[in-house]
Amino acid sequence: MSHPNSPVGILDSGIGGFSVVKQVQRLLPEEELLYFGDGAHIPYGNHPEERIAALARYMFRFMEEREVKALLVACNTISCLLDRWEDTAACPVFSAVQAGADAVSGLEVDKVGVISTVFTHRAGIYPQKILAQSPRKLVVLSCGCPDLARLVEHSLGDPARMVRVEEELRRELGPMVLEDEVDCCVLGCTHYPLVADRIRRLYPDLLLIDPAEEMARALEAHLDREGLRAAREGPGSLTVYTTGDVAEYALRARQVGLERVAGVEHYPPMAL
Ligand code: DGL
């Protein structure tokens, strides 16, 4: 039974979900947040489906044991699997891909680009959902980036490494913007909004869609509907768990500008 002061869970293969944490902290500062980043197994986007599903279930169990009142799957790659699962979790689950598609449905655009991991691209769920939901006749182009999430994960704040990120952005996103001339681009991997400033510098006229904003709004609407908004004196804190490097996660949390970080703790990775 969910309680208003139960935490909200947010998970990703790595630090990408910090882009979602940021939006949730902005919109719902009173909520207590638990974050799980599976740093030991990133990048998920290059794994086969069975492995992604097993790794995701491991994180779902972690969150269920902590009795979260809602779970934000801040990983587009995992979100692609949610519609195929008969059971997901004991609490309401929010999908990054659904949020991205919802965000597009309100726009007056004709040609939509989606950049994502290779798995998300091949799954084809983004074009499917965007086309099914749009009242307009749209063209949706999708591009899978094999290395961009991993590069972002380990490059924030390091100018030399960020040069690699920019090269990768030019190679993967460039053709969609300069040749196909998309009207907007969905950042279909939660790592990419963490380098949105770089993307804006490269392509200043491109409208960027960050599903994180829509995810935070969907969570807010759900909590209001169910009477589950946290009722505590003062703002809630954030505890980060990772199967990866604790010091690196603490640094990334600061770089991304996350607030009220109560702790960054190690959690044993699922054995493969
Ligand atoms: N951040 C994740 C996503 O949104 C995946 C990155 C990865 O592990 O490949 O898809």
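First listed ligand is number 1; within each ligand, the first listed atom is number 1. When a residue number appears, it is its place in the shown sequence, counting from 1.
- One finds a salt bridge joining Glu168 and Arg171 here, because a Lys/Arg side-chain nitrogen approaches an Asp/Glu carboxylate oxygen to under 4.0 Å.
- At a heavy-atom distance under 4.0 Å, atoms from both the backbone and the side chain of Cys189 approach ligand 1.
- Closest protein heavy atom to atom 3 (C) of ligand 1: Asn76 N, 3.3 Å.
- Between Arg61 and Glu64 no salt bridge is recorded (no basic side-chain N to carboxylate O distance below 4.0 Å).
- Of the options Tyr44, Tyr58, Tyr241, a side chain to side chain donor-acceptor pair (under 3.5 Å) to Asp38 is made by Tyr44 and by none of the others.
- Here Glu30 pairs with Arg229 in a salt bridge; the nearest charged N to carboxylate O distance falls below 4.0 Å.
- Atoms of ligand 1 lying under 4.0 Å from any heavy atom of Thr117, numbered from 1 in the order shown and given with element: 5 (C), 6 (C), 9 (O), 10 (O).
- Within the 4.0 Å heavy-atom criterion, neither part of Ile78 lies near ligand 1.
- Between the side chains of Glu248 and His154, at least one donor N or O sits under 3.5 Å from an acceptor N or O.
- Closest protein heavy atom to atom 2 (C) of ligand 1: Asp12 OD1, 3.2 Å.
- In the vicinity of Ile42, heavy-atom distances shorter than 4.0 Å reach the ligand 1 atoms 8 (O).
- For atom 10 (O) of ligand 1, the nearest non-hydrogen atom of the protein is Thr77 OG1, 2.6 Å.
- Within ligand 1, the atoms closer than 4.0 Å to a non-hydrogen atom of Pro43 are 7 (C), 8 (O), 9 (O), numbered from 1 in the order shown.
- Ion pairing between Asp83 and Lys129 holds under the 4.0 Å rule for side-chain N and carboxylate O.
- Counting heavy atoms closer than 4.0 Å to ligand 1, residue Cys75 contributes atoms from both its backbone and its side chain.
- Salt bridge annotation for Lys69-Glu226: absent, with no cationic side-chain nitrogen under 4.0 angstrom from a carboxylate oxygen.
- Judged purely by distance below 3.5 Å, without hydrogens or angles, the side chains of Asn5 and Glu32 never pair a donor atom with an acceptor atom.
- Ring geometry for Phe36 against Phe62 counts as perpendicular: the plane angle is over 60°, on a 0 to 90° scale with 30° as the lower cut.
- Here's the thing with His191: one of its N/O atoms is less than 3.5 angstrom from an N/O atom of ligand 1.
- From the protein, the heavy atom lying nearest to atom 9 (O) of ligand 1 is Gly45 N, 2.9 Å.
- Among the atoms of Thr190, some N or O lies under 3.5 angstrom from an N or O of ligand 1.
- Of the N or O atoms in Tyr44, one or more lie within a sub-3.5 Å distance of an N or O in ligand 1.
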